[in-house]
Amino acid sequence: MTKIWLLDIGYKPGTSEIHLWGIKDSGERILAVDRSFRQYLYTTYGDKKMAEEELRKFHNLRLEKVTGRIFGREIDLLKIFFEDGSEDVNKLANRLRRRGLRVFEDDIRLSSKYLIDQPVKPSSWHDVELSEHDNGVSEISSINFVSNEPIPELKVLSLHMVALPTKGSPNPKKDPIILMTLVDSMGVTYLEGEESKILQRFVEYVQERDPDVIAGFDSNEWMWPYIMERAKHIGVSLSVGRGGSSPHRSLYGHVSIEGRASLDLKDMVDEIPELQLESLEELAEYFGLRKIEEFTELTDPELPAAWRQNLQLVKNYSRERAEAIYHLTTQEILGYAIALSSLTGIPLDHVLTAAVGFRVEAYLMKEAHKRGEVIPPRRERRPSGYVGGYVWKPKPGLVEDVVVLDFKSMYPNIMVKYNVSPDTLIHSGEEIKDFYEAPDVGHRFRKEPPGLYKEALLRLIQYRDSIKERLKKVDQERKKILRAQEKAVKVITNAMYGYAGWVGARWYVKEVAEAAAAWGRWIVKTAAKIAEELGFEIVYGDTDSLFVKNIPEKTSLLVESIQRRTGVEIKLEKHYVRLLFTEAKKKYAGLTRDGELEIVGLEAVRGDWSRAAKKLQKEIIEVVLRELDVEKAERIWSRRTRELKEGKVPLRELIIWKKITKPLDEYAVLAPHVVAAQILRDKGFRVDVGGKIGYIVERGEGKIRDRVSPFPFVNKENVDLEYYVEHQLNPVVERILKVVSQNFAKPGSRKMGLRRFMS
DNA sequence: TATAGGCACGTGGAGCCCTGTCT
DNA sequence: AGACAGGGCTCCACGTGCCT
């Protein structure tokens, strides 16, 4: 018996031969082949003769009569195995469908199916029965999951690449790679000189050091495709895979390297909503590695000159990024990716790239399989919305001493409590006596048996509790692993409700999400009613939270009453000394009891306002909330306005960043950032969907979009300072002062204060 | 290879009215 | 007097990014 940690999984195309790349507990890296698995699909066989007729046309099929469940309903099925080891299920599935039969699980890739079907988990330890063959290949005769701990020592290589653009962004058709910087446990290696030499040495380096993980930033969409095209162009064989194969584009735009995990840290950016620029530098700052300003800056237009005149600058630029990638990977991201991979069953290689919905789905597929549920096919559906959470309208102005009550994991708890699940929904005509009925929308769910969502959620909750228990007892190093696991579990748990309402989900049933939302509204409104009955004043509330004016001697009674009546756990989450509400929902600022200033939803926390405006708004809020001094706030306002008008504000603070969310020619309206992006594109720069465009507004007549200038082609001389006063500084300040001036400014001075800068 | 809905808010675009100018 | 271009205005859709 051998112990193997599963790093990567693949299969030989056209066959049922599963390739498992693993790490033995001795540290040896091996490829083990499993030839025992067979691809299969299910079909209904309403007309038995017809099914048999079709099946006779195929050789080497093995049939099994089984009973499965689809959305909780029992159904008789034929399970059809492809005994000849082929994995071509499409042909058979299509034929059966053409005959009007229902077919299931033909749309799941072989390696995914293996992971769902077998006691095998990626990024985990297994007991394996191996037989060695002469050709060095090990064959598996049995494999069993053991544990997802400990995590073996993985060899990580990080990679940063610089190409020399002739015009705009580097173009892989003509612009060579001039530098590659590699970082691993041995330190930094620069590959420079002739491009073919760089690539050859890169391949040698990978073969020699044989890393398990290769990490980059924007490597799936940009770096790997670039390297691959250059290698092809100059005729270098890019055999960096463990079997000697080249990298290849696999599913969903991901680039796979055989036997290794290729990670793109850019995928991590989506998981951290706090990030506004979504850059590597910002990611590094977020994890406390290095501040954005401490990175050497080098934009594409500056690169050619720097390459000629200041080689060291270019090398520093590249090294800093390669090091950041290495440290982020080893210290922050790899552990999380491993935990997520082991939990969802998605191989390490893919798990960061996979969108949230697909992670949840991967987890559900395994749960469903355990319960004897057949996995429903993915289907095209028309999106149709439903009513979501309830939001109170706040009273604008200041309010003191407010406590916030939060329902803990409201939607997961609702789904567990009321057994809300696609397989427990009662359809019209069904006569079930024992049911829960959702308020408002009237959907009914049977109380027994527990549904797929309920069981999946309970298992997750249980797992998280056990992690929390263990966290109390273990040492620092193990704590880190457990925290990563906890985070992974949390991500999946919290996404379950959203998944339920996603039209692309295999288990999409609109009534499920709609009912969960309805129960949510009922619970939070019931809580509000209880609070009011007890004499509390509701200040605000959003979906699963209630802001109430504090009555210290009654808060614990309030919490108890709400929990008793609604049956859902509620927590006293926050205590604000003072809160400021604007006229809008979802926008407020507060001072907590520990003296922290919190800003929610306002421009100061939005990424699409200039830094100048954001900083000023924060200053104003700070002075208003902490010092209750509106006049001082107005003085700051006028000082900042003056500074801006006198040109004392750095250009960088005036840049407005916005995301490009679709191809430029699909925009119906030419917004300023779209025009800025067009200008960049026309200069030969890459404008990617999902990329951020920075621009400033220049002086001139007419529409804003007709006078934008994209970063980095901005010139301080041309900035329309008046625009920044009128459309950036003034609105964000006025939004705040408008709601407090009557309370705090002396009579008479208020209007003065506000009007002074308005016209 | 899109987890959901609710919400604010700047900007552009369409359409309307008004007004001044030309015929 | 009537036609019409163009400015100013209103209203709404688009687009982004936030909150829970």
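We name chains A, B, ... by the order of the sequence lines, and we start the count at 1 in each one. It should be emphasised that the depicted structure is a prediction, and the values quoted were computed from it without experimental measurement.
For A:Tyr499 and A:Lys393, each mapped to the nucleotide of DNA chain B holding its nearest heavy atom, the one lying further toward the 5' end belongs to A:Tyr499.
Distance, A:Ile599 CD1 to C:dC19 C1': 15 Å, rounded to whole Å. Atoms CD1 (A:Ile704) and P (C:dC14) sit 19 Å apart, rounded to a whole Å. The CG atom of A:Asp406 sits 14 Å away from the P atom of C:dC19 (whole-angstrom rounding). The interatomic distance linking A:Ile693 (CD1) with C:dT16 (C1') rounds to 14 Å, in whole Å. When the P atom of B:dT11 is taken as reference, atom OH of A:Tyr695 falls 7 Å away, rounded to whole Å.
Relative orientation of the A:Phe445 and A:Trp519 rings is tilted, given thresholds of 30° and 60° on the angle between their planes.
Nucleic acid contact class of A:Val503 (heavy atoms, under 4.0 Å, all strands): none.
In A:Lys618, the NZ atom is not crowded: 12 or fewer heavy atoms of neighbouring residues, nucleotides or ligands sit closer than 6.0 Å.
Between A:Asp218 and A:Arg686 there is a salt bridge, since at least one side-chain N of the basic residue sits less than 4.0 Å from a carboxylate O of the acidic one. Using a 4.0 Å cut-off between charged side-chain N and carboxylate O, A:Arg699 and A:Glu722 make no salt bridge.
Aromatic stacking of A:Phe358 on B:dT1: satisfied, with centres closer than 5.5 Å and planes within an angle under 30 degrees.
A donor-acceptor contact under 3.5 angstrom links the side-chain atoms of A:Lys586 to the base of C:dC19.
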